[in-house]
Amino acid sequence: MSMRPSTTTQRPSLGVGIIVRRADGAILCGKRKGGHAPFWSIPGGHVEAGESFEAAAKRELQEETSLSVPEVKVIGLTNNLKTFALEGIHSVSVCVLADYTGGEVINTEPDKCDGWEWFLPTDLPQPHFDASEQSIHCLLSGNFYQPTA
């Protein structure tokens with residue numbers, strides 16, 4: 001069942017998604033609960049006022065998985081129009097890439113996520129969250145942005 005897009009004049013929100021990549025190429029995805037159920041997604045969330053994309057990514061990753069990464073690199077931008085069409089929520093997301101440098105992945109927000117697993121980016125679990133899927137497409141294609149129709 002799809003919902004009619006919102007007719008409010010509210011501007012899109014700004015999010016950040018973090019692709020954590022292991023040396024074997026697998027990336028970290030979690031099965032979301034609550035507002036983003038039943039979708040799988042890379043870690044991510046909202047950018048706070050005054051926060052850099054990099055700081056937001058590191059904070060969200062730590063909050064959701066307990067992982068810390070020394071560096072992240074902005075690799076893409078997504079305009080999440082599928083989510084807008086389905087839920088009436090419009091967001092734009094900055095995608096960053098981080099190399100997994102070790103540490104135990106802990107599901108620190110079990111009310112928001114069923115757990116974290118490693119997947120090859122060419123074999124993603126479904127259904128997959130729009131912003132996450134677009135971010136992974138940026139990684140695989142090498143394109144910073146993929147226009148949506």
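Side-chain atoms are counted along with the backbone in the values below, which use heavy atoms only and exclude waters and symmetry mates.
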Do you know which two heavy atoms are closest between Arg32 and Trp116, and how far apart they sit? NH2-CH2, 3.6 Å

Counting C-beta onward and ignoring hydrogens, is there a side-chain heavy-atom pair between Gln62 and Ser68 closer than 4.5 Å? yes

With rounding to the nearest 0.5 Å, note down the distance linking CG in Leu77 to CG in Asn79. 7.5 Å

Is the side chain of Lys58 donor-acceptor paired with the backbone N or O of Pro70 at a distance under 3.5 Å, no angle test? yes

Between the main-chain N or O of His137 and the side-chain N or O of Ser141, is there a donor-acceptor pair closer than 3.5 Å? yes

Let me check something: do Ile89 and Leu14 share a hydrophobic cluster, defined by ILVMFWY side-chain heavy atoms less than 4.5 Å apart, either directly or through other members? no

Would you indicate whether the side-chain heavy atoms of Tyr145 and Cys138 approach each other to under 4.5 Å? no

Does a side-chain heavy-atom distance below 4.5 Å link Leu139 with Ile75? yes

For residues 44-53, run the donor-acceptor check on the side chains, cut-off 3.5 Å, and write out each pair with its distance to 0.1 Å, sequence neighbours left out.
residue: Glu51; atom: OE1; partner: Glu48; partner atom: N; Å: 2.9
residue: Glu51; atom: OE1; partner: Arg59; partner atom: NH2; Å: 3.0
residue: Glu51; atom: OE2; partner: Arg59; partner atom: NE; Å: 2.7
residue: Ser52; atom: OG; partner: Ala55; partner atom: N; Å: 3.0

Taken to the nearest 0.5 Å, the spacing of Ser91 OG from Phe84 CZ works out to 11.0 Å

Sequence neighbours excluded, every pair satisfying salt bridge (charged side-chain N to carboxylate O under 4.0 Å, His left out) that has a member inside residues 70-85: none

Is the shortest heavy-atom distance from the side chain of Val74 to the side chain of Phe144 under 4.5 Å? yes

Scan for salt bridge (charged side-chain N to carboxylate O under 4.0 Å, His left out) pairs involving residues 13-29, sequence neighbours excluded, and state none if there are none. Arg21-Asp99, Arg22-Asp24

State plainly whether one hydrophobic cluster holds both Ile136 and Phe129, where clusters connect Ile, Leu, Val, Met, Phe, Trp and Tyr through side-chain heavy atoms under 4.5 angstrom apart. no

Do Val16 and Ser93 touch side chain to side chain, with heavy atoms closer than 4.5 Å? no

Hey, what do you get for CG (Leu61) to OG (Ser66), rounding to the nearest 0.5 Å? 8.5 Å

Can you name the residues that form a salt bridge (charged side-chain N to carboxylate O under 4.0 Å, His left out) with Lys33, not counting sequence neighbours? Asp114

Do Val92 and Pro12 have side chains that approach each other closer than 4.5 Å (heavy atoms only, starting at C-beta)? yes

Between atom CD1 of Ile19 and atom CG of Leu97, what is the distance when rounded to the nearest 0.5 Å? 6.0 Å

Using distance only, find each side-chain donor-acceptor pair of residues 101-110 under 3.5 Å and give its atom names and separation, not counting sequence neighbours.
residue: Asn107; atom: ND2; partner: Cys113; partner atom: O; Å: 2.8
residue: Thr108; atom: OG1; partner: Glu63; partner atom: O; Å: 2.3
residue: Thr108; atom: OG1; partner: Glu64; partner atom: O; Å: 3.0

So CD of Gln134 and OG1 of Thr83: to nearest 0.5 Å the spacing works out to 8.0 Å

Minimum-distance pair of heavy atoms, taken over all atoms of Cys29 and Trp40: O-CZ3, 4.0 Å

Can you list every salt bridge (charged side-chain N to carboxylate O under 4.0 Å, His left out) pair that touches residues 119-146, not counting sequence neighbours? none

What's the shortest heavy-atom distance between Pro121 and Leu140, and which atoms? O-CD1, 3.6 Å

Do any N or O atoms from the side chain of Thr65 and from the backbone of Leu67 form a donor-acceptor pair under 3.5 angstrom? yes

Assess the residue pair Ile27 and Leu124 against the criterion (side chain to side chain contact (heavy atoms under 4.5 Å, CB included)); give the C-alpha distance rounded to whole Å, side-chain angles, the decisive distance to 0.1 Å, and a yes or no. CA-CA 9 Å; Ile27 63 172; Leu124 297 175; 4.1 Å; yes

Would you check if Leu28 and Trp118 make a side-chain contact, meaning some heavy-atom pair closer than 4.5 Å? yes

